[in-house]
Enquirer: 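Provided herewith is a single structure, encoded as structure tokens, for subsequent inquiry.
Keep in mind that this is a model prediction, so the values were computed, not measured.
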Amino acid sequence: MRNFPVEYYTEKEINRKFSFSKAGALVTDNDAEINPYKHVHLLIEKAVSKGVRVYAKTKINGKILKENQTQLFIETGHTVHAQTVIFATGYEVQKEVKDKNAVVLSICHSNKSNSRSSSMA
């Protein structure tokens, strides 16, 4: 097994080097990079092929989150009923979903100016 160089950035270092704040980050050099736009759209296509319904650019005016049933109230007056909901709104998702059971599984950020990628905590 090969080792690869990795650094840990504290919140203070992240605030100094990036335009956002996080509690900590793992930063690696010379790692793979992907086109995030294409990657996300391929993930959406795969999810749709497995039966996921996607509601893009949909404003949610309210929600009721229960263990096995979620209701989302859409600004058009419609209601979406679901067992599982994926909020794909970017870095701010945890601020948007103020639910003690909501967890951000992973977030990746690429900073092209120094060719490093960060996994945020």
Enquirer: Sequence neighbours left out, what passes side-chain hydrogen bond (donor to acceptor under 3.5 Å, both in side chains) with Glu11? Give chain and number order.
Expert: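 Glu11 satisfies side-chain hydrogen bond (donor to acceptor under 3.5 Å, both in side chains) with Ser21 once adjacent residues are dropped.
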Enquirer: Would you find a donor on one side and an acceptor on the other, under 3.5 Å apart, between the side chain of Gln69 and the backbone of Lys66?
Expert: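 It does not hold such a pair.
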Enquirer: Can you list everything that forms a side-chain contact (heavy atoms from CB on, under 4.5 Å) with Asn61? Sequence neighbours excluded, please.
Expert: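 Residues passing side-chain contact (heavy atoms from CB on, under 4.5 Å) with Asn61: Lys59, Glu75.
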Enquirer: Identify the two heavy atoms, one from Asn15 and one from Phe20, that lie closest to each other, and give their separation to 0.1 Å.
Expert: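 Closest heavy-atom pair between Asn15 and Phe20: OD1-O, 3.7 Å.
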Enquirer: Which residues pass the side-chain contact (heavy atoms from CB on, under 4.5 Å) test with Glu67, not counting sequence neighbours?
Expert: none
Enquirer: Check the pair Val6 / Val27 against side-chain contact (heavy atoms from CB on, under 4.5 Å), numbers first and verdict last.
Expert: CA-CA 6 Å; Val6 63; Val27 182; 6.0 Å; no
Enquirer: With sequence neighbours left out, write down each residue that passes side-chain contact (heavy atoms from CB on, under 4.5 Å) with Val85, or none if nothing qualifies.
Expert: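 Partners of Val85 by the side-chain contact (heavy atoms from CB on, under 4.5 Å) criterion, ordered by chain and then number, come out as Thr70, Leu72, Ala82, Phe87.
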Enquirer: Output every pair passing ring pair (Phe, Tyr, Trp, His ring centres under 6.0 Å) with a member in residues 38-78, not counting sequence neighbours, ordered by first then second residue.
Expert: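 Qualifying pairs, neighbours excluded: Tyr37-His41.
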Enquirer: Ignoring hydrogens, what is the shortest heavy-atom contact between Ile14 and Gly24? Give both atom names and the distance.
Expert: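 Looks like CD1-C, 3.5 Å.
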Enquirer: Shared ILVMFWY cluster between Val80 and Ile86, side chains joined below 4.5 angstrom?
Expert: no
Enquirer: Starting at CD of Glu13, measure out to NZ of Lys17 and round the result to the nearest 0.5 Å.
Expert: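 Interatomic distance, Glu13 CD to Lys17 NZ, rounded to 0.5 Å: 6.0 Å.
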Enquirer: To the nearest 0.5 Å, what is the distance between OG1 on Thr28 and CG on Leu26?
Expert: 8.5 Å
Enquirer: Partners of Lys46 by side-chain contact (heavy atoms from CB on, under 4.5 Å), sequence neighbours excluded?
Expert: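 So Lys46 forms a side-chain contact (heavy atoms from CB on, under 4.5 Å) with Ser49, Lys50.
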Enquirer: What side chain to side chain donor-acceptor pair (under 3.5 Å) pairs are there with at least one residue in residues 79-88, not counting sequence neighbours?
Expert: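 Sorted pair list comes back empty.
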